[in-house]
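Numbers restart at 1 for each chain; the letters A, B, ... are given by sequence-line order, proteins then strands. The shown structure was predicted, so the numbers you read here are calculated from the model rather than taken from an experiment.
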Amino acid sequence: MDFILSIFLAFINKFLGQPALLLGTITFIGYMLLGKKVYEALAGFIKAYVGFKILQVGTGGLVGTFRPIIDSLNAKYGITALVIDPYFGQTSATEALDVLGSLQYVGYVMLIAFALNIVYVAFRKQTKIRTLFITGHIMYQQSAVLLWAMYWVLGASGGNPASPLLVIIIGLLMGTYWSVASNLIIEATQEVTDGAGFTIGHQQMFGAWFAYKLGGFLGNKEHDVNHVESPGFLSILNDNVVANTLLMTLFIGVIMIILGPESFNYDTNKYFFGTYIFEQTALFAVYITVLQTGVRMFVAELTASFQGISDKLLKGSVPAVDCAVTFGFSPNAPTFGFIFGFFGQMIAILTLVALKSPVLIIAGFICLFFDNGTLAVFANKAGGRRAAAIIPFISGLIQVFGSALVLTVLKDSPHVVGWMGMIDWATLWAGSVLLADKLGIIVPILLIPLMMIIPQLQYRRHKETYFTTMRDN
Amino acid sequence: MIKILAVCGNGMGTSLVIKLKVKKFVEANNIKCQIDSCSLGQAKGFISQGVDIVLLSSQLASGLGTVPPRTHVLALKNLMDDKEFGPKILDIVEKNYPEDISK
């Protein structure tokens with residue numbers, strides 16, 4: 001008996017405890033359940049495994065490039081500078097969880113959350129949930145970040161791996177957020193997209209809902225942002241490689257200049273200080289591209305099997321997809337959101353500097369473009385260009401201040417480089433993590449039933465048409 | 001075989017959604033093709049290696065610059081709607097690559 005048990009435990013540790021093997025196995029099982037051929041499922045396993053390993057090269061590279069700069073800034077001025085961008089949040093989460101022997105639990109959180117979302121939709125008569133979250137890269141990212149943040153404030157400093165109970169609670173909480181938030185934004189998304197039949201499954205559903213509700217008070221929707229000519233040079237920011245490099249050169253470059261050439265170990269025969277700075281800051285774009293290549297590889301496999309499962313099990317559920325799918329319906333709004341969000345973030349960052357805050361925030365591309373861009377799309381629909389300017393500006397302020405606050409409790413986590421920064425993560429999740437830090441595990445537990453009240457309230461407002469937004473496709 | 005490329009700003013979520021939608025459509029219409037997805041920043045590299053159809057959001061279309069004559073660019077409003085991109089893809093395939101539709 002002991003013999004069998006020890007084999008079983010070894011299997012759990014050396015197989016299911018290895019994140020890359022676990023994700024590969026999930027993909028393999030998903031494909032087999034969908035009735036694919038064994039060799040197709042095997043290819044899926046390999047691509048998920050290799051993709052995960054590529055992802056780790058990217059996160060390792062980001063940490064290796066950025067940590068020395070953070071450390072020398074900290075040593076010299078006692079300030080911790082961190083980036084608000086989902087890939088930096090994800091990197092912080094996975095690197096810390098890896099050190100603490102808990103990285104494999106991210107896969108379990110994601111699976112529990114996805115399964116709970118399916119259950120909610122299956123019992124939609126009771127739960128009033130109509131949406132299924134299928135945005136694979138976001139699901140992985142959020143599972144990692146929420147697990148890391150909650151685990152860190154709930155006593156990871158003891159050095160023990162995350163407990164199964166915590167993993168289950170975080171999984172249930174994550175699944176509830178996906179379901180409730182993407183369900184909340186259905187009606188507004190239908191308005192924005194002229195009834196395209198999908199909803200948002202991303203990082204700013206609560207934010208976009210507020211943007212849509214408040215937008216009407218801030219401006220006139222007849223003054224649509226798409227009637228404005230936007231300057232052509234801004235289109236280079238649509239290119240993620242260019243935008244990442246420019247932003248990092250701007251922010252990290254300034255920090256490196258303040259630290260001075262003597263803080264860095266580089267070959268003066270090979271570099272001017274300026275070209276050395278540019279090489280270092282361009283490396284951010286390099287590692288983000290590597291990281292994304294890895295995520296894309298394993299997420300493409302996961303998403304295909306998630307979507308297959310949802311098509312089979314839940315006909316007519318509304319798919320929750322990436323926020324940028326709305327951009328085609330309002331092509332100018334994302335640029336508007338970017339510009340005004342950037343102003344907001346800059347003012348907030350300068351305020352942090354003036355207040356001598358122990359945490360300094362560095363603006364990231366995804367947060368600026370995709371988050372504030374989405375808010376601008378929703379605000380514009382309700383309140384035109386004025387709303388599309390004011391709301392991203394305010395959001396920019398909140399993104400920086402909210403993230404700086406939550407990072408005060410996360411900044412000592414190993415290898416930390418940043419936080420998500422997206423609006424729901426600078427408000428709801430930043431607040432929950434801070435509360436959990438004070439009050440303990442009761443906070444994530446209580447959040448689950450509290451969030452489930454929201455779809456009930458939505459249902460009361462339009463009972464007759466509530467389920468008609470679901471369609472067969 | 002026709003090569004189709006789905007493009008979005010960051011190459012992570014939206015382009016994958018387009019790819020899955022297009023895949024469903026071409027399979028239903030018996031079109032033989034290879035579909036890839038990437039970010040706008042990587043798209044030029046793909047296109048220079050030979051792509052027949054590029055699908056992307058109308059908001060990003062100007063960022064693609066000039067493309068070789070072989071490449072058809074479909075700038076879409078609703079990326080999730082095969083009624084928008086479907087007829088356009090069928091039209092391009094029927095005109096240029098009729099051999100890739102198996103009856």
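Proximity to chain A is limited to the backbone of Leu76(B), based on heavy atoms less than 4.5 angstrom apart. For chain B, the nearby part of Val321(A) is the side chain; its heavy atoms alone come within less than 4.5 Å. With a threshold of 4.5 angstrom between heavy atoms, Ser15(B) does not approach chain A through any atom at all. For a residue to count as touching a neighbouring chain, one of its non-hydrogen atoms must lie under 4.5 Å from one of that chain's; by this rule Ile366(A) touches chain B with the side chain only. In this structure, chain A has heavy atoms under 4.5 Å from both the backbone and the side chain of Asn78(B).
Aromatic ring orientation, Phe329(A) versus Phe198(A): tilted (interplanar angle from 30° to 60°). Phe327(A) and Phe369(A) have perpendicular rings, their planes meeting at more than 60° on a 0 to 90° scale where under 30° would count as parallel. Aromatic ring pairs are classed by plane angle as parallel below 30°, tilted from 30° to 60° and perpendicular above 60°; the pair Phe336(A) and Phe340(A) is tilted.
Under the 4.0 Å criterion applied to side-chain N and carboxylate O atoms, Arg70(B) and Asp52(B) are assigned as salt-bridge partners.
Contacts with chain B were tallied for Val325(A), Asp194(A), Asn226(A); Val325(A) has the most, counting heavy-atom pairs under 4.5 Å. Ranking Gly11(B), Cys8(B), Ser37(B) against chain A, the residue ahead of the rest is Gly11(B), based on heavy-atom pairs under 4.5 Å.
Between Thr289(A) and Gln42(B), the closest heavy-atom pair is CG2-NE2, 3.8 Å.
Although no hydrogens or angles enter the test, the distance criterion places a donor-acceptor pair under 3.5 Å between the side chain of Thr135(A) and the main chain of Ala320(A).
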